[in-house]
Structure formats: structure tokens, C-alpha cells
Amino acid sequence: MAGQGLPLHVATLLTGLLECLGFAGVLFGWPSLVFVFKNEDYFKELCGQDAGPIGNATGQADCKAQDERFSLIFTLASFMNNFMTFPTGYIFDRFKTTVARLIAIFFYTTATLIIAFTSAGSAVLLFLAMPMLTIGGILFLITNLQIGNLFGQHRSTVITLYNGAFDSSSAVFLIIKLLYEKGISLRASFIFLSVCSTWHVARTFLLMPRGHIPYPLPPNYSYGLCSGNGTMKEEKETAEHENRELQSKEVVSAKEVSTYTNAFAFTQFGVLCAPWNGLLMDRLKRKYQKEARKTGSSTLAVALCSTVPSLALTSLLCLGFALCASVPVLPLQYLTFILQVISRSFLYGSNAAFLTIAFPSEHFGKLFGLVMALSAVVSLLQFPIFTLIKGPLQNDPFYVNVMFMLAILLTFVHPFLVYRECRTWKETPSAIA
């Protein structure tokens, strides 16, 4: 990093950070966009006689069929976000950075234009646009995480910073919601987003001389357990609504739900907390390296040991989020929002760092794609769980919450096994090549 290369490295870091903040993980802001879609009467024709007296997120009559349609779009987008990473990962390995980024630009720009020109009558196009938007976004993250390799001992910090920016890009849909309430149309907002995304073309060709920097990325195998979007969001809304009914027997006003929707979106700034995870790993790695020089431990053992606290803390944060989300007390949801974004930031960051250490980097695209494709199967559970809560469970998410917490408890096995393996390698350095 020293010398003349430093300004270029810093410029690359900052432009990549801006890119992840503005585009990569906008799907996380889905609740804010749903608020706008409902105000625009998207899928309202499904309601018919199904509408009840309970106010939904826009103060309109509650409509199970409409809510299910939005939940299905989110489930499909989440699935495609993960599943399509396998073929795009192969493309990234085979054709390098430029081709992968051009594909990302095509998907992202096309998706924003489709959303811009949809209306209530053509709302079904959201089933095409949202998956395309997420595929483009995750490809932006994939190509940017390589930048961590430019920063040596601070690599984990940079990786987690980028994952935090990916997490924080949910604010884009919040901004669209706020502009909509200030009188800016949905169409104008997404046309502007389409124009902004074209800057990626210039950046793509600026990155061409750098070529392909192989870099493994985060497995999302536990994303569905603590992401706080989709199913968990629906459970939270149900708990909030029931708590409000018990307290006042009044319908929740549109302004009140809008306030909580904004609060949820405002807390989605993982870029502020994610780097602490990387700093922790980088500091522990330096500490263990000093010990390794004295004991003769292997480099791999040292690197793996530095990930154990991060992996354990991530599971603990996810468990805390699940517990808070299960309590039907409306003011407590502010804490739930905060735990959700911190746990998700740590989840992506710790998984990214672990995968880079535990697996070879030369096949990163295929490896990451395979893991994401497997996690896509888990994401498909979101819609049936939503239907289960709304139907047979009669809006009581208790058993689903218990299931989530039990699943999260199982994730503590991972840091334990890594820790045990590290101790074995420390005691017998010759066990590792």
C-alpha cells in the first residue's frame, strides 16, 4: 500500500464503498417499498371481500391476499439472490471481473426501469424486477469484496466494512419512501436510480486493468435465521398489532405504522457497526501471529483461531435478536431493529472472513455460488411460514419463534468445532501441511 499506489487503493476502496451503499443490498429495505406500493394500490384487486377492519401499513383495510403477494415477491427475490449466484459465480471465475460487472449493470438497470414504469395494473412485473435487482446487487458485492486484498493486515476490516455497506443500502428504499411522502413519484425515483447505476459502466472499465482478484465471499447458510426481513418481519408486525389491540382496542394509524417503518429503515446502517467485527478479527490475528512465532503453530491455525470469537458473537447477536422479536411489546421493537442490523452485519462479515481463510481462493466464484444456492433452499421457507402464521396458527407466531431460536442455538456448534480444531493444531503443528 505504500508509495504511489496508496491514492489509487484508497480511491478504489471509497468508490466500491459508495457502490455497495447505493445499490448492492437494497432488498433489505423491502418494507419501505411495500409501504409505497400499497399506497399506489398494487395488488389491491386481490382484496375483494377478503378485506377486514384491521388497518395495515397504509391505514387501508387489511388484506391477506395482498400481503401474501408481497411476501411471495420478497421470497422469490431472496431465493434468486442466492440461487443465481452459482451460475454467476462460474461466470465470474471463467470470464473475470469485467464481464461479471457488465451483467450486474444490465440486471440492475433493467430492473429499476421496469419498476419505474409499472403501475397498479402491471404490478405483476415486480415478480421479474425484484429478482433481477437482487441478482445485480449481489454481483456488485462479489466484485467489490476483492478490494480487501489490497489492504494486507486490514483485510478483514475492509471486508466487514463492505458487508456493512451492503447491509446499509436498504436506506435507498427508505429514501424513496420519504421522497414519495414529499410528493416525488415512484417512477421519478426509480428513473433516477437507473441513471445513477450507469456510472458502473465507467467504473467497470476503470477496474479492467486490475483484472480478477480471486476472493471468497460469505456463505448465507444462516441468513434466513436472523436477517429480520420477510418472515421475521411479518411475525414482528403481527406481534406489534396484537400488542396495540390489547392496549387500546384501536386500529393502528397509518402515521404510526409509517413511523415504525421509518425507524426500522433508519437503523439499517450496518456500515457503522460491521467494521468492529473486522477490527476484532484483525487484532486477534496479529495477537495469535506473535504467539505462533514462539510456539511454531501453523499460519492456518492462527488465522482460524482469530475467527472463533467473531463466529460465537454472531450467533449470540442473532439469538438476542430472535428473543426480542418474539416479545409482543411495541417499544421493544426499537431494540429489535438495532440487534437485527448488528447481527446481520456480523453474520456477513464473519462468514466472509471465515470462508477466505478456510478455503482456497482460486475457485471462489463457484464455491460462493454453491453455498448461496444451498441457502436459497432455506429462503424458500419464508413464504410457507408466512402462510402458516396467517392461516393455521391464526396470527400467533409463538411456535415459529421457538423453531427459529432452536435453529440459532445449533449455530453455536460451528465456533465450538473451529475452536476445538484450532487447539488440536496448536498442540500438534505437524498435523497441518
Closest non-hydrogen atom pair, [X] against [Y]:
{"X": "Leu339", "Y": "Cys324", "answer": "CD1-SG, 3.7 Å"}
{"X": "Ser169", "Y": "Gly25", "answer": "OG-N, 2.6 Å"}
{"X": "Val172", "Y": "Gly22", "answer": "CG2-O, 3.3 Å"}
{"X": "Leu139", "Y": "Ala100", "answer": "CD1-O, 3.9 Å"}

Requested in this report: Verify the ring-centre separation between Phe173 and Phe28: is it less than 6.0 angstrom?
Outcome: no
Is a side-chain N or O of [X] found less than 3.5 angstrom from the main chain of [Y], in a donor-acceptor match?
{"X": "Ser170", "Y": "Gly29", "value": "no"}
{"X": "Tyr162", "Y": "Leu13", "value": "yes"}
{"X": "Ser32", "Y": "Lys177", "value": "no"}
{"X": "Thr88", "Y": "Met84", "value": "yes"}
{"X": "Glu45", "Y": "Gly121", "value": "no"}
{"X": "Thr411", "Y": "Ala407", "value": "no"}
{"X": "Glu181", "Y": "Ile176", "value": "no"}
{"X": "Thr160", "Y": "Thr157", "value": "yes"}

Less than 4.5 Å apart, side chain to side chain, heavy atoms only: is that true for [X] and [Y]?
{"X": "Phe166", "Y": "Ile138", "answer": "yes"}
{"X": "Leu317", "Y": "Leu313", "answer": "yes"}
{"X": "Phe404", "Y": "Val400", "answer": "yes"}
{"X": "Arg187", "Y": "Ile115", "answer": "no"}
{"X": "Asn81", "Y": "Pro131", "answer": "no"}
{"X": "Glu19", "Y": "Arg101", "answer": "yes"}
{"X": "Arg94", "Y": "Val99", "answer": "no"}
{"X": "Glu68", "Y": "Thr387", "answer": "yes"}

Requested in this report: Apply side chain to side chain contact (heavy atoms under 4.5 Å, CB included) to the pair Leu335 and Phe321, showing each step before the final yes or no.
Outcome: CA-CA 8 Å; Leu335 176 60; Phe321 160 68; over 6 Å; no
Query raised in the report: More than 12 foreign heavy atoms under 6.0 Å from CZ of Phe412: is that the case here?
Result: yes
Report task. Kindly check if the number of other-residue, nucleotide or ligand heavy atoms within 6.0 Å of CZ (Phe127) is above 12? Result -> yes
How long is the span from the [atom1] atom in [X] to the [atom2] atom in [Y], to the nearest 0.5 Å?
{"X": "Arg69", "Y": "Lys64", "atom1": "CZ", "atom2": "NZ", "result": "13.5 Å"}
{"X": "Thr118", "Y": "Phe37", "atom1": "OG1", "atom2": "CZ", "result": "6.0 Å"}
{"X": "Leu126", "Y": "Leu76", "atom1": "CG", "atom2": "CG", "result": "11.0 Å"}
{"X": "Gln66", "Y": "Lys38", "atom1": "CD", "atom2": "NZ", "result": "5.5 Å"}
{"X": "Thr109", "Y": "Leu133", "atom1": "OG1", "atom2": "CG", "result": "10.0 Å"}
{"X": "Leu18", "Y": "Asn144", "atom1": "CG", "atom2": "CG", "result": "10.0 Å"}

Query raised in the report: Do you know which of Ile389, Val402, Ile385 makes side chain to side chain contact (heavy atoms under 4.5 Å, CB included) with Pro397?
Result: Ile389
**Report entry** Parallel, tilted or perpendicular, as decided by the 30° and 60° cut-offs, for the rings of Tyr108 and Phe140
**Finding:** tilted
Query raised in the report: Taking the inter-plane angle between the rings of Phe337 and Tyr334 on a 0 to 90° scale, is it parallel (under 30°), tilted (30 to 60°) or perpendicular (over 60°)?
Result: perpendicular
Report task. Before giving the answer on side chain to side chain contact (heavy atoms under 4.5 Å, CB included), spell out for Val26 and Thr134 the whole-Å C-alpha distance, their side-chain angles and the decisive distance to 0.1 Å. Result -> CA-CA 8 Å; Val26 293; Thr134 58; over 6 Å; no
Query raised in the report: After noting the C-alpha distance and the side-chain angles of Ile191 and Phe117, does the key distance pass the side chain to side chain contact (heavy atoms under 4.5 Å, CB included) rule?
Result: CA-CA 9 Å; Ile191 288 177; Phe117 290 98; 4.0 Å; yes
Report task. Starting from the C-alpha separation in whole Å, work towards a yes-or-no answer on side chain to side chain donor-acceptor pair (under 3.5 Å) for Glu40 and Tyr180. Result -> CA-CA 11 Å; Glu40 290 289 310; Tyr180 176 84; 2.6 Å; yes
Report task. Evaluate the criterion side chain to side chain contact (heavy atoms under 4.5 Å, CB included) for residue pair Leu323 and Val327; output intermediate values, then yes/no. Result -> CA-CA 7 Å; Leu323 286 170; Val327 179; 6.0 Å; no
